[in-house]
Amino acid sequence: MAEEGWVGSWRPHRPRGPIAALYTSPGPKYGLPTNVGYRLHDPSRVRAPAYSFGLRGEGRPEDRSPGPAYLLPPGTTVRGKNGTPAYSIYSRPRDLTPFLVPGPGCYSPERAERVAFPTAPACSLRSRTRQGSTFLTPGPAAYRLPPMLGPKVVGKSSAPNYSMPGRSAIGSFCEDLRKTPAPCTYRVVEADVYKRRAPQYSMLARNALPGDNTAKPGPGAYNPQQSRPQGVTFGIRHSPYVAPLIVDVPD
């Protein structure tokens, strides 16, 4: 009964982090300066001296002389190059950059009261941290009164409920227990299977008659008005071995 009284997926649980309802005072919302360490120490408290450990010094440097592998230029002695001193002329050095020392107006002695004189601790108000956005606390709209009708009434006994399902083909009065096929289930067998097969003929397509399928001009393709002029044509050359034409000449 206790599980059916809640609506939705939210259930009472312990908070994952501190919430504002657990504190009667601001508590950890105010950040006071620490009294431990050297950096960010409370200026109103006495700070003890702090010492730091130095680095380990390097050992004795090893000899790294080139040895006899290098050929020294001629005229080199133990004290340097032998000869008269030579001087080189360089450019004039640049002027030194003046120091940007702040003037007397840059200081504010009136703001040094907490550092120069002992003062009471002061607390500052700051904005709420982002930790509150991780709380999955349900809002007022997540709560809803339980229904008073139906089988899930809180604190009351409900009457039995019945549901009417649809008609099922199994176990009903129209169920075919013998599973016999109907007459329409059988396929009609052709008579040529159990009787003498009759001759069968096939009808082919009509054959085209043979003819000339070339494209011929029709009557409208001729134009009698456009006739060619009569001209003289050259005949063919006859063979000299052809016998001449002999015609009977009257006396």
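As a basis for the values below, the full set of heavy atoms in this structure was taken, side chains included, without hydrogen atoms, waters or symmetry mates.
Sorted by first and then second residue, the side chain to side chain donor-acceptor pair (under 3.5 Å) pairs involving residues 189-208 (not counting sequence neighbours) form an empty list.
With sequence neighbours excluded, no residue forms a side-chain hydrogen bond (donor to acceptor under 3.5 Å, both in side chains) with Thr119. The side-chain contact (heavy atoms from CB on, under 4.5 Å) test applied to Ser108 returns Glu110, Arg111, not counting sequence neighbours. Shown here are the side-chain hydrogen bond (donor to acceptor under 3.5 Å, both in side chains) partners of Asp42, two or more places apart in sequence or in another chain: Ser44. Partners of Tyr107 under the side-chain hydrogen bond (donor to acceptor under 3.5 Å, both in side chains) rule, at least two apart in sequence or in another chain, do not exist in this structure. Applying the side-chain contact (heavy atoms from CB on, under 4.5 Å) test to Ser9 and every residue at least two apart in sequence or in another chain returns nothing. Residues passing the side-chain hydrogen bond (donor to acceptor under 3.5 Å, both in side chains) test with Thr214 are Asp212, Lys216, sequence neighbours excluded. Among residues two or more places apart in sequence or in another chain, the side-chain contact (heavy atoms from CB on, under 4.5 Å) test is passed with Pro165 by none. Among residues two or more places apart in sequence or in another chain, the side-chain contact (heavy atoms from CB on, under 4.5 Å) test is passed with Pro140 by none.
Side-chain atoms of His41 come within 3.5 Å of backbone atoms of Asn35 as a donor-acceptor pair (strictly under, hydrogens ignored).
Shown here is Tyr38, whose OH atom has no more than 12 heavy atoms of other residues, nucleotides or ligands within 6.0 Å.
By the 4.5 Å side-chain criterion applied to Ile, Leu, Val, Met, Phe, Trp and Tyr, Phe99 is assigned to a cluster that also includes Val101.
When side chains are defined from C-beta on, Cys123 counts as touching Leu32, because their heavy atoms get closer than 4.5 Å.
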Validation: residues 87-94 side-chain donor-acceptor distances under 3.5 Å, sequence neighbours left out:
from  : atom 1 : to    : atom 2 : distance (Å)
Ser88 : OG     : Tyr90 : OH     : 3.4

